[in-house]
K.L.:
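Got a structure for you, questions after.
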Amino acid sequence: MKQTQLFQKTTKEVKQTDISRNAELLTKAGYVNQLMAGAYTYLPMGLSVLNKIEKIIKEEMNAIGAQEILMPALQPKEVWEKTGRYDTIDVLFKLKGAGERDFVLGATHEEVITPLAQTIINSYKDLPTAAYQIQTKFRNEARAKSGLLRGREFRMKDLYSFHTTQEDLDEYYEKVSEAYKRVYERCGLGHITKKTYASGGAFSKYSHEYQTITEYGEDIIYIIPGTDTAINKEIINDKEALKDIIPNYKDGMEKEFEQVKAIEVGNIFKLGTKFSQACELKYTDKDGSTKYPIMGCYGIGSSRLMGAIAECISDDKGLIWPKEIAPYQAHLISLVFDEEGMKICEEYYNKLKSNGIEVLFDDRTGIQAGEKLKDSDLIGIPNRFVISKKTIEQNKIEWTERLTGKTELIDFDKAISILKE
RNA sequence: CGGGGAGUAGCUCAGUCUGGUAGAGUACUAGUUUUGGGAACUAGGUGUCGCAGGUUCGAAUCCUGUCUCCCCGACCA
């Protein structure tokens, strides 16, 4: 893509009061644009990053046998009354449709998938099974904030699994847990994301959250020394839980744990039969008896994850996208402005493209070198290739790795091989 | 939902205290010169001063109401 044609621009300044790092960087780099508190437009490169994150999530979900579906975001009031959550979820968006009919915008989808599952699950032979979707969710947050970290409209992957026994759910739950770990690793957050024990709500003893450590997080977690797991503050005073979670627990030892702020980038719940009972989802077991499937649900906010990555993986110059989610692998920058030089840049650009490399070409003219280089740092594409008078004279290309800042003059063929790694 | 801050040019902001008819930087357009870390000069267009009402000869400025955004807290199936 040529930068002169991109439906996206960098900007030097953002409002002084907007202090979350992800909002500042993503807005400056032009990846997102705020429509209102908690609702953002994703511009081409922003959407590209989001899509790549969601692609990773899909791959990991597919790998554990979950199947992708898509459910409506617009839902009737009635399914929510069945589970009693029409009145208990205070962030539920409620609206009137034609004929004064009451609708809900989906904040989560147990109410939709559980009745749906009845059309598929009739026998123990239909179990276990699992389906997920990635979709725009709506929550009427009293205070949407922190850029992509807490939106009123946001993207989320939600997976639901159905089982005949608790053991089978437990086993699948562990599989999902491993898949989640891979997602965060592939997104570059593996080292600062902790599997965190949290209260299970009405459904089970504990749930697990995936918490990425950042000063801008809303949660406080306690890291269990020598592990990559943590405990959410909400259960840190529950002695029974601590005994359960920590091997060789000694009274008061949690006070020594490192305490950090973190943002929840995923959670996994065991639901038991709460929803299958409420929605009358039943199957016939081997012995002919009627039973309720045991359910699990598993969420990852993909847009929040993108915000967390921007928040955590960046430096004073701007964003630094991990390779797998970067909008482009190469940022080709022309620092020559005569016709002859531009021709050479065009050739490089076309060669990169014909080699199947995702390349953004800064073909803007009449702009100072400094501005182009600063923009490149801000945008955060992993590899920068500069073409200037100097590089043309030597028949080389200048490669800079965004993460390390390491710069080398290399042959063009080597650039191709670096990008194909 | 409680507390605090803010809404003025595409963007970032000054001007509001002390009322007098709209500003800067940046961006944009044309031209000339520049070109490896946010250039220089010349010329040019840019506004319901968030919205509604009130006071006044006159309101961006004072008063009342209201909406929105940001921050802290509460909340977070």
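Just so we're on the same page: letters track the sequence lines, and every chain starts at 1.
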K.L.:
Sort me out a list of protein N/O and nucleotides 71-74 of chain B N/O pairs below 3.5 Å, or just none if empty.
P.N.:
from, atom 1, to, atom 2, distance (Å)
B/C72, OP2, A/Arg143, NH2, 2.6
B/G73, N7, A/Arg143, NH1, 3.4

K.L.:
I'd like to know if A/Gln368 reaches the base of B/U34 with its side chain such that a donor and an acceptor end up less than 3.5 angstrom apart.
P.N.:
yes

K.L.:
Strictly under 6.0 Å, is that where the ring centroids of A/His331 and A/Phe385 end up?
P.N.:
no

K.L.:
Choosing from B/C11, B/C76, B/G37, which nucleotide comes nearest the side chain of A/Glu218?
P.N.:
B/C76

K.L.:
Using the C1' atom as the point on both nucleotides, what is the distance between B/G53 and B/A14, in whole Å?
P.N.:
28 Å

K.L.:
May I ask which nucleotide in the shown strands pairs with B/A30, Watson-Crick or G-U wobble, both distances under 3.5 Å?
P.N.:
B/U42

K.L.:
With both distances under 3.5 Å as the test, what is the Watson-Crick or G-U wobble partner of B/A22?
P.N.:
none

K.L.:
Please walk me through it: do A/Arg101 and A/Phe103 pass side chain to side chain contact (heavy atoms under 4.5 Å, CB included)?
P.N.:
CA-CA 7 Å; A/Arg101 186 167 176 196; A/Phe103 292 102; 4.0 Å; yes

K.L.:
Under 4.0 Å, heavy atoms only, any strand: does A/Glu398 hit a base, just the sugar-phosphate, or nothing?
P.N.:
base

K.L.:
Distance between the C1' atoms of B/U68 and B/U33, in whole angstroms?
P.N.:
46 Å

K.L.:
Would you indicate what A/Ile367 reaches in the nucleic acid, counting non-hydrogen atoms under 4.0 angstrom: base, sugar-phosphate, or nothing?
P.N.:
base

K.L.:
To the nearest angstrom, how far is A/Lys15 atom NZ from B/U12 atom C1'?
P.N.:
8 Å

K.L.:
Starting at atom CD of A/Glu13, determine the distance to atom C1' of B/A27, rounded to an integer number of angstrom.
P.N.:
10 Å

K.L.:
Evaluate the side chain to side chain contact (heavy atoms under 4.5 Å, CB included) criterion for residues A/Leu319 and A/Trp321: first the C-alpha distance (whole Å), next the side-chain angles of each, then the deciding distance (0.1 Å), finally the verdict.
P.N.:
CA-CA 6 Å; A/Leu319 297 156; A/Trp321 296 112; 4.0 Å; yes

K.L.:
For B/C62 and B/U18, measure between their P atoms and round to the nearest Å.
P.N.:
9 Å

K.L.:
Using the side-chain hydrogen bond (donor to acceptor under 3.5 Å, both in side chains) rule, pick out the option among A/Asp168, A/Thr129, A/Asp170 that qualifies with A/His163.
P.N.:
A/Asp168

K.L.:
In this structure, are over 12 heavy atoms from other groups packed under 6.0 Å from A/Lys389 atom NZ?
P.N.:
no

K.L.:
Taking CG in A/Asp338 as the centre, count heavy atoms belonging to other residues, nucleotides or ligands within less than 6.0 Å. Is the count above 12?
P.N.:
yes

K.L.:
Quick one: label A/Val14 by what it contacts on the DNA or RNA (base, sugar-phosphate, nothing), any heavy atom closer than 4.0 Å.
P.N.:
sugar-phosphate

K.L.:
Taking atom C1' in both B/G25 and B/U64, compute the distance separating them and give it to the nearest angstrom.
P.N.:
35 Å

K.L.:
Contact class for A/Arg384 vs. all strands (heavy atom < 4.0 Å): base, sugar-phosphate, or nothing?
P.N.:
base

K.L.:
Which nucleotide, B/G37, B/U35, B/C69, lies nearest any side-chain atom of A/Arg152?
P.N.:
B/C69

K.L.:
Nearest 0.5 Å, what's the NZ-NZ distance between A/Lys233 and A/Lys261?
P.N.:
10.5 Å

K.L.:
What nucleotide among B/A77, B/G37, B/C69 has an atom nearest to a side-chain atom of A/Arg85?
P.N.:
B/A77

K.L.:
Does B/A9 pair with anything, Watson-Crick or G-U wobble, both distances under 3.5 Å, and if so, with which nucleotide?
P.N.:
none

K.L.:
What's the CD-C1' distance between A/Glu264 and B/A77, to the nearest Å?
P.N.:
11 Å

K.L.:
Output the single nucleotide from B/C76, B/G37, B/G25 whose closest atom is nearest the side chain of A/Asp219.
P.N.:
B/C76

K.L.:
Run A/Glu110 and A/Arg85 through salt bridge (Lys or Arg N to Asp or Glu O under 4.0 Å) and show every step you take.
P.N.:
CA-CA 10 Å; A/Glu110 283 86 357; A/Arg85 295 208 293 183; 2.9 Å; yes

K.L.:
Rounded to whole Å, please give me the gap between CD1 in A/Ile268 and C1' in B/A77.
P.N.:
17 Å

K.L.:
Applying the Watson-Crick and G-U wobble criteria at under 3.5 Å, what pairs with B/U64? Answer none if nothing qualifies.
P.N.:
B/A52

K.L.:
Let me know the distance between CD of A/Glu371 and C1' of B/U26, rounded to the nearest Å.
P.N.:
11 Å

K.L.:
Using whole Å, report how far CD of A/Gln34 lies from P of B/G7.
P.N.:
17 Å

K.L.:
Rounded to whole angstrom units, what separation is found between the CG atom of A/Leu335 and the P atom of B/G38?
P.N.:
13 Å

K.L.:
Just to be sure I understand the rule, does A/Lys389 reach a base, reach only the sugar-phosphate, or reach nothing, if contact means heavy atoms closer than 4.0 Å?
P.N.:
nothing

K.L.:
With rounding to whole Å, what would you report as the distance between B/G5 and B/A77 at their C1' atoms?
P.N.:
32 Å

K.L.:
When the C1' atoms of B/A27 and B/G45 are considered, how many whole Å apart are they?
P.N.:
13 Å

K.L.:
If I pick the P atom on B/A43 and the same atom on B/C49, what distance separates them, to the nearest angstrom?
P.N.:
29 Å

K.L.:
Base, sugar-phosphate or nothing for A/Asp377? Non-hydrogen atoms, less than 4.0 Å.
P.N.:
base

K.L.:
Has A/Glu215 got more than 12 heavy atoms of other residues, nucleotides or ligands less than 6.0 Å from its CD?
P.N.:
no

K.L.:
Please determine if a side-chain N or O atom of A/Lys374 lies less than 4.0 Å away from the OP1 or OP2 oxygen of B/G37.
P.N.:
no

K.L.:
If you check every side-chain atom of A/Phe337, which of B/A77, B/U12, B/U35 has the closest atom?
P.N.:
B/U35

K.L.:
Whole angstrom is fine here: how far is it from CE in A/Met36 over to C1' in B/G50?
P.N.:
17 Å

K.L.:
For B/A22 versus B/G65, give the span between their C1' atoms, rounded off to a whole number of Å.
P.N.:
26 Å

K.L.:
Given B/G37, B/C70, B/G38, identify the nucleotide with an atom nearest to the side chain of A/Asp375.
P.N.:
B/G38

K.L.:
Do the ring planes of A/Phe412 and A/Tyr348 sit parallel (below 30°), tilted (30 to 60°) or perpendicular (above 60°)?
P.N.:
tilted

K.L.:
Which nucleotide, in any strand shown, forms a Watson-Crick or G-U wobble pair with B/G47, with both distances under 3.5 Å?
P.N.:
none

K.L.:
Please work out if A/Thr83 contacts a base, only the sugar-phosphate, or nothing of the nucleic acid, heavy-atom cut-off 4.0 Å.
P.N.:
nothing

